[in-house]
Participant: 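Here you go, one structure.
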Amino acid sequence: MTDTAADLPTLFDHQSAEATLYKEWLDAGLFTADPARAKRAGGDRDPFVIVMPPPNVTAVLHMGHGLNNTVQDVIVRWRRMCGDEALWLPGTDHAGIATQNVIEKQLGTEGKTRFDLGREAFIERTSRFVAETGGTILDQLRAIGASCDWSRTAYTLSPELSLAVREAFVQLHERGLIYRGHRVIHWCPRCLTSLSDEEAEHNEETGSLYHLRYPLADDPSRGITIATTRPETMLADVAVAVHPDDERYRELIGRTLTLPIADVQIPVIADEIGVDPAFGTGAVKITPAHDANDFDMGSRHNLSMPVVLSPEATMVNGADAGSRVPDHLIGLDRVEARARVVEMLRDSGVLVRIDSHTHAVRHCYRCDTVVEPRLSDQWFVKMKPLAEPALAAVHKRQIRILPERWEAVYVNWLENIRDWNISRQLWWGHRIPVWYCDACSEVTVAREDPAACPKCGGSVRQDEDVLDTWFSSWLWPFSTLGWPDKSTKDLEAFYPTDDLVTAPEILFFWVARMIMGGYAFMGETPFHTVYLHGTVRDMKHVKMSKSLGNGIDPLDVRAAFGTDALRYTVTAGLGMGADVMLDPNDLEKSFAPGRNFVTKLWNIGRFLLTNVGTDAVQPLDAIDPARLRRADRWILASLNNAISECDAALGPARPENGAWKESELYRGLRLSEYTESARRFVWNELADWYLESTKSRLAVGGADGEVARAVLAHSFDAALRLLQPVVPFITDILWRRIPIATEDRGDFIARAAWPVRDERFTPESEFEIVREAIVGIRQLRSDYAIPPGQRVQASLDTVGAGGFASRDATVFQEETAFLARSARTDLIDNDGSTMNGATILLSSGSRIHVSLEGVVDLEKECRKARTELEKLSAQLEALVKRLSNPGFTDRAPANVVEAERAKQTEWTARKAQLAEKVASLCGT
RNA sequence: GGGCGAGUAGCUCAGUUGGUUAGAGCGCCUGCCUUACACGCAGGAUGUCGGGGGUUCGAGUCCCUCCUCGCUCACCA
């Protein structure tokens, strides 16, 4: 704290500042949360907790992370200053399928597959890779100033969290919510695993609808035409279904068809659930092993389920298929097989026609391969019972989702929830804690690995599959705090957490499941606020991504403009739920708002601190209020206003009594509004006006100079505190040089108190008159292109503003020098005689008369004033008309009518003054 | 196809329960190197609030309808 203002360099050296400061913060334990200080564990502070959406362990920082973590950091830093015991818990996700893909790709370049290595070696290699590179993303988050409690860094595949995963699985099984299902699921033929419904994303695609005619076995001249988008699966057809009420096919029900190519006999059956007579031909081919809908129909009708596609989606005569697939098709990929089958069908005259058809095709969310419906055995979680409390939580307002519109999406999904397939045929992940007995049919689900079958003592083998990676993610808000050990201080102090900040893409994958998990395992909600921010896009509104090459590396931005500039740009541009547009080809332009602001703040600090000097200023409380000038009271009142605006934009931090009040449900977390309020205060109010107004006072010095120093120091101190959450580095450097005694405010700005209003200061109208006068004169000067060097004279004529009525220059005595400097105007006494010039109308009926003799074109000013008068007259006329309308005066609320009346009075006065102005300018 | 949302200044967006002359940031135009800042200062321009209809004394705000985008879900083969 012995730094002096004088040693501030001309430019902010963000490079060296960031590295030094971040280390200081860590050394001081600024971000380490202590459960003992939290109210729930006997302390005196409200806990405030955010668990970080864990990035994939293999991830490299991109703008999406930059945005997501900046938002969290701003919120956490704000709450920390507000006196909460703030915990931001970081970590990484083992990201089963994604990480496995990375390693498989590596193996691919060596010409190997995971099967060449074997399971053990593959896991070993992946673990090694994670150990070597897994910390990268977290290091990068440190580089952008993230105020995480790194001592609590978690990892979904750590021994502790693995324990939580197993406990969760066993508990759900004990409650009858986990079952083994034999059905058609989504299968990725590249990843060779099943996927949940959410992991199979559908895209609208234009494909072909093939119409095929299956002849009647006993009368090949007749047949039924069916339509399909996947003709290669026809080899696994076991029936053709029609609607029982469909007149066209009624007499064919029960007859037998010949399945072309495969040359097997299949029946015509009736099914009213699975067949829509209005679609296609009204007849559906049934392929139970390769279509979910057909599987249901097949089950209803007890049909066989031949498999003709291998896990890799090549043609095969699998279970129940006999020799349906001709030899020359076996081994062909499904795409190639499709072409061949279509050719064969065409040759045999079975292909009726091909229509163009738009339909939703499901793709693997990790590798974008078209998924294949596949019949298999998987573990499922029964979701309906879990969804109920998650739905109720939103209805009872225990949880709010911002922005509001996502709430409907959340509700809609939960109301139509389907069971969750949690088995993955992968190697990288949590092995499913299920053992099968080799001797009997016993299935064991256990917390501890069993050595033998508990029923018959036979040898057991564990299920080969691992769990969906999201099965560990949904436990994150409590598994990271020690669960299933319910006695940990962390869990007691920090659960439930507060805000969950993420992108809408993972609302179902993660957020909704976390809420369900919170109720299922902890009995209460994991957080009270879900904040879904927008996506980072390029100038064409295309989502930034590495593969598209339109990404921005936050570390490039940091190197060029500094972390603060990055954070400011992102925060200031982040409307509620709105996307952030940035130009990857022009970082200079994209991050100009942040860079410009940081530079401006630096220059304000340099100048202000140099002028204030290094001697400690008096505390504000110690200054006799009578010694405060209009300008002092004005900036302190403006500060109050800025604090209120920031508070309103950010808060409330949490609901009272566990449920959001209707009035607060969608308030707060408006980061762009908060940032703009703080910016406006420090730049447009403190720097543009107050700082300017003190220049002459500081030069004169003395007792008044001391007052100005104190107010400057105090206002700047508060401004920096308001800005600390957004721009923590530069504010720290400037703040510690403000000459206010350290014992009055602590060591680091990051744990200084958030500013509170000082109610002694109320809106200051008299200084506003000075501002208006200066702005008005500047306008005149600009309008008439009066050269900067030419001074003008003006006289003031104030009326009625409480003890501020005078016709001489002495009322502006305090600001004479300021006016002279800012408007290059000399104030003279008004002796009552008229001067040729312009009258500027100010608030409260005051006015300033500027002598324009010899400096301006009076004719032009005359025309301008006339136009203005006409406009005002018209507006006033409309107002008078409205006020004379009984419909308005009788029905409108009293305060509205009153406001309109006041407006009428004001406008009438202005009109009179304008008329006077016109007369003086235009002559008689 | 179901559900939801959006269309306000060139761009990105604010506009609380209908009620001052519809705002901000960026961009744009003009003039300034005024001894902290040209990454700056001062001044300025710009809107049939998507179209049409309705309710009302009064509509950007409420209702209907149409158009255009977007998100989300979905087993129409």
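Residue numbers start from 1 in every chain, and the chains themselves are labelled A, B, ... in the order their sequence lines are given, proteins ahead of strands. Predicted, not measured: the structure shown is a model, and the values here were computed from it.
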Participant: Take atom P in C57(B) and the same atom in C49(B), then report the distance between them in whole Å.
Facilitator: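 Looking at atom P only, C57(B) and C49(B) are 23 Å apart.
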
Participant: For C28(B) and C11(B), measure between their P atoms and round to the nearest Å.
Facilitator: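 Going atom to atom, P in each nucleotide, I get 14 Å.
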
Participant: Distance check needed: C57(B) P versus L879(A) CG, whole Å only.
Facilitator: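 Taking atom P of C57(B) as the reference, CG of L879(A) is at 19 Å.
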
Participant: Between Q779(A) and G44(B), does any side-chain N or O lie under 4.0 Å from OP1 or OP2?
Facilitator: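 For G44(B), OP1/OP2 do have a side-chain N/O of Q779(A) under 4.0 Å.
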
Participant: In whole Å, what separates the P atom of A22(B) from that of C26(B)?
Facilitator: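 22 Å, rounded to whole Å.
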
Participant: Any side-chain N or O of R901(A) under 4.0 Å from OP1/OP2 of U20(B)?
Facilitator: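 Answer is no, no contact under 4.0 Å.
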
Participant: State whether the distance check finds a donor on one side and an acceptor on the other, under 3.5 Å, for side chain E676(A) versus base A14(B).
Facilitator: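 For E676(A), whose side chain was compared with the base of A14(B), there is no donor-acceptor pair (under 3.5 Å).
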
Participant: Base, sugar-phosphate, or nothing for R405(A), non-hydrogen atoms under 4.0 angstrom?
Facilitator: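 R405(A): backbone/sugar contact only, no base atoms under 4.0 Å.
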
Participant: Find the distance L691(A):CG to C41(B):P and express it as a whole number of Å.
Facilitator: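 To the nearest whole Å, that distance equals 12 Å.
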
Participant: Mind checking the P distance from C66(B) to C71(B)? Whole angstroms is fine.
Facilitator: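 C66(B) and C71(B) have their P atoms separated by 23 Å.
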
Participant: Name the nucleic acid region contacted by T599(A), choosing base, sugar-phosphate or nothing; use a 4.0 angstrom heavy-atom cut-off, strictly under.
Facilitator: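 Result for T599(A) = base.
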
Participant: Taking N and O atoms by type only, does the side chain of K600(A) place a donor or acceptor under 3.5 Å from a partner on the base of C39(B)?
Facilitator: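 Such a pair does not exist between side chain and base.
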
Participant: With a non-hydrogen cut-off below 4.0 angstrom, is E198(A) in contact with a base, only sugar-phosphate, or nothing?
Facilitator: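 Contact class for E198(A): none.
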
Participant: Under 4.0 Å between a side-chain N/O of W406(A) and OP1 or OP2 of G70(B), yes or no?
Facilitator: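 For W406(A), the contact criterion (side-chain N or O under 4.0 Å from OP1 or OP2 of G70(B)) is not met.
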
Participant: Could you give the distance separating G1(B) and A9(B) at their C1' atoms, to the nearest angstrom?
Facilitator: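 So the two C1' atoms sit 38 Å from each other.
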
Participant: With the side chain of V275(A) defined as its heavy atoms from C-beta on, choose the nearest nucleotide among A77(B), U72(B), G15(B).
Facilitator: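 The answer is A77(B), which lies nearest to the side chain.
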
Participant: Any side-chain N or O of R778(A) under 4.0 Å from OP1/OP2 of G31(B)?
Facilitator: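 So the side-chain polar atoms of R778(A) never come under 4.0 Å of the phosphate oxygens OP1 or OP2 of G31(B).
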
Participant: Using 4.0 Å as the upper bound for N to carboxylate O, is an ion pair formed by E588(A) and R595(A)?
Facilitator: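 Yes, charged N to carboxylate O under 4.0 Å.
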
Participant: Taking only the C1' atom of each, what is the distance from G25(B) to C39(B) in whole angstrom?
Facilitator: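 Roughly 16 Å separates the two C1' atoms.
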
Participant: Quick check on C4(B): is either OP1 or OP2 less than 4.0 Å from any side-chain nitrogen or oxygen of N412(A)?
Facilitator: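 Checking N412(A) against C4(B): no side-chain N or O falls below 4.0 Å of OP1 or OP2.
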
Participant: Measuring only the P atom in each nucleotide, how far is C29(B) from G23(B)? A whole number of Å is fine.
Facilitator: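 About 24 Å, rounded to a whole number of Å.
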
Participant: May I ask you to say what G274(A) touches in the nucleic acid, namely base, sugar-phosphate or nothing, with a heavy-atom cut-off under 4.0 Å?
Facilitator: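 Here G274(A) touches the bases of the nucleic acid.
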
